[in-house]
Amino acid sequence: MKHAIKAIVAVMMLALAGVAQTTGAHAPQITNGTLQKRSAASGLDAAIAAAIKEQGNKTFWIGYEVATKLSDRMMCCFNSINYAGKQCCGGCRLEGEHGAGFNGTINGTTGDCADRPEYNYFFVMARVVPADTPPVAKIRSFSPDCQLDAVNLPVIWLTDVSAPQSIAWLKQQVTRGDKKADDSALHAIALHEHPSVDSVLEEMTAASNVERLRKQAAFWLGLERGRRGYEIVRKLAFNPQESDRFREHLTFVLSQSHEKEAMEDVIRMARTDTSERVRGQALFWL
């Protein structure tokens, strides 16, 4: 009987954890500002539009929680570089003296950086300037232990954001034409633990897209999407219809993959690719 009760409790706890992942139970540590919580149950686009209307002409940040694969990485300052081991960041300023969204490091305590906890969620943050077209000026991804200094700007925190809504909204930001926003939005998409991500990123590697977008999508497929991402990149790398310049970039992507066969593919490209440029790049990354 005791075992049965424990099993029921365990199932209930898992169910509650699943609810927390979809309702946004977590929020970032904010200094010099306060979180204004809003529900996005009616849709992410509608919630962001409502926040823009509510804030008038004021610049503000808006964010939400997203489920991701379990990781002990830190995503904090300087374009959310993934810190590990003893390289740790106390926190980030959302606004900085060197320009909007500079994100300089701030002092803070985040525990022992050499033994950081693992998280299965991260935070998507967007800087919104209502007077601009488009209004979203910057997108960042942060791990939960990165303390954020809001520099007295409003921070709207959205709950009830579903992964499909988040992916669809970020995809809009990728294709809006802002070169700086493309990669940060793509990275945020790649971090989602949702089965649709691989197809979304693969779609962006299609030959009909601009080369810059194709390269960035391939990079995040190779770096963040595990086995399926590797298989998509590998298929592109050995497709003779692809340009030398694109396949040259894919030698780098494969060299960064965590899949054990990836370096064998780079060796094969170095030995047998028909392009001297591709062979040379493959040798370089080897």
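Any value given below was found using the heavy atoms of this structure, including those in side chains, with hydrogens, waters and symmetry copies removed. Residues take their numbers from the sequence shown, with the count starting at 1. Since we're looking at a predicted model, the values are computed, not measured.
Interatomic distance, OG1 of Thr68 versus CZ of Phe122, reported as 5.5 Å (0.5 Å rounding). In this structure, Met75 CE and Arg140 CZ are separated by 10.0 Å, a value rounded to the nearest 0.5 Å. Between Leu250 atom CG and Lys215 atom NZ the span is 9.0 Å, to the nearest 0.5 Å. Atom CG of Asn120 and atom NZ of Lys69 lie 13.0 Å apart (nearest 0.5 Å). The line from CH2 of Trp285 to CG of Leu283 is 13.0 Å long, rounded to the nearest 0.5 Å. Note: Ile189 CD1 to Ser196 OG = 9.0 Å, rounded to the nearest 0.5 Å.
Using a 4.5 Å heavy-atom threshold, the side chains of Phe142 and Cys92 count as touching. Residues Met204 and Gln216 have side chains not in contact (no heavy-atom distance under 4.5 Å, counting atoms from C-beta outward). No side-chain heavy atom of Thr274 sits under 4.5 Å from any side-chain heavy atom of Pro240. Side-chain contact between Glu259 and Glu231: absent, with no pair of heavy atoms (C-beta onward) separated by less than 4.5 Å. Counting only heavy atoms from C-beta outward, the side chains of Val124 and Leu191 never approach each other to under 4.5 Å. Within the 4.5 Å cutoff, side-chain heavy atoms of Pro28 are placed close to those of Trp157. With contacts defined as side-chain heavy-atom distances shorter than 4.5 Å, the pair Arg225/Ile232 does not qualify. Between Ile167 and His194, the closest side-chain pair of non-hydrogen atoms falls below 4.5 Å.
Side chain of Arg214 to backbone of Ala206: a donor-acceptor contact under 3.5 angstrom is found. Proximity of a side-chain donor or acceptor of His192 to a complementary backbone N or O of Ala188 within less than 3.5 Å is detected. At least one donor-acceptor pair closer than 3.5 Å links the side chain of Gln173 to the backbone N or O of Trp169. Looking at Gln256, its side chain never comes within 3.5 Å of a backbone N or O of Leu223 through a donor-acceptor pair. Judged purely by atom type and a 3.5 angstrom limit, Thr205 has no side-chain atom pairing as donor or acceptor with the backbone of Ala218.
Ring geometry for His249 versus Phe246: interplanar angle under 30°, hence parallel rather than tilted (30 to 60°). Aromatic ring pairs are classed by plane angle as parallel below 30°, tilted from 30° to 60° and perpendicular above 60°; the pair Phe219 and Phe252 is parallel.
Taking the side chain to side chain donor-acceptor pair (under 3.5 Å) definition, one finds that Ser243 meets it with nothing, sequence neighbours left out. The side chain to side chain donor-acceptor pair (under 3.5 Å) test applied to Glu203 returns Lys171, not counting sequence neighbours. Scanning for side chain to side chain donor-acceptor pair (under 3.5 Å) contacts around Glu261 gives Arg227, with sequence neighbours left out. Checked against side chain to side chain donor-acceptor pair (under 3.5 Å), Gln55 has no partners two or more places apart in sequence or in another chain.
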Pairs of donor and acceptor atoms involving the side chains of residues 39-54, under 3.5 Å and at least two apart or interchain, shall be tabulated with distances.
from	atom 1	to	atom 2	distance (Å)
Ser39	OG	Ala41	N	3.1
Ser39	OG	Asp160	OD2	2.6
Glu54	OE1	Arg38	NE	3.2
Glu54	OE1	Arg38	NH2	3.4
Glu54	OE2	Arg38	NH2	2.7

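Ile30 approaches Gly33 most closely through the heavy-atom pair CG2-O, 3.4 Å. Here the closest heavy-atom approach between residue Pro144 and residue Tyr121 is recorded as CG-CE1, 3.3 Å. What you find for Asp149 and Thr31 is that their closest heavy atoms are CA-OG1, 3.3 Å. When all heavy atoms are compared, the tightest approach of Ser275 to Arg247 is CB-NH2, 4.0 Å. Here the shortest heavy-atom pairing between Ala270 and Leu286 reads CB-CD1, 4.0 Å. Here the closest heavy-atom approach between residue Ser255 and residue Met263 is recorded as CA-SD, 3.8 Å.
Atom CG of Asp132 has more than 12 heavy atoms from other residues, nucleotides or ligands within 6.0 Å. Glu118 CD: more than 12 foreign heavy atoms inside a 6.0 Å radius.
Pairs passing the side chain to side chain donor-acceptor pair (under 3.5 Å) check and including a residue from residues 263-272, sequence neighbours excluded, read Tyr230-Asp265, Arg234-Asp265.
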Check your understanding: Should Met269 and Gln281 be marked as a side chain to side chain contact (heavy atoms under 4.5 Å, CB included) after you check the CA-CA gap, both sets of side-chain angles, and the distance that decides it?
Key -> CA-CA 9 Å; Met269 294 178 80; Gln281 252 338 79; over 6 Å; no

Review point. Would Asp145 and Tyr119 count as a side chain to side chain contact (heavy atoms under 4.5 Å, CB included) if you check the C-alpha gap in whole Å, the side-chain angles of each, and the deciding distance to 0.1 Å?
Key: CA-CA 9 Å; Asp145 53 352; Tyr119 298 95; 3.6 Å; yes

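Side chain to side chain, His187 and Ser141 fail the donor-acceptor criterion of an N or O pair below 3.5 Å.
Tracing side-chain contacts under 4.5 Å through hydrophobic residues (I, L, V, M, F, W, Y), one never reaches Met125 starting from Val129; they form parts of separate clusters.
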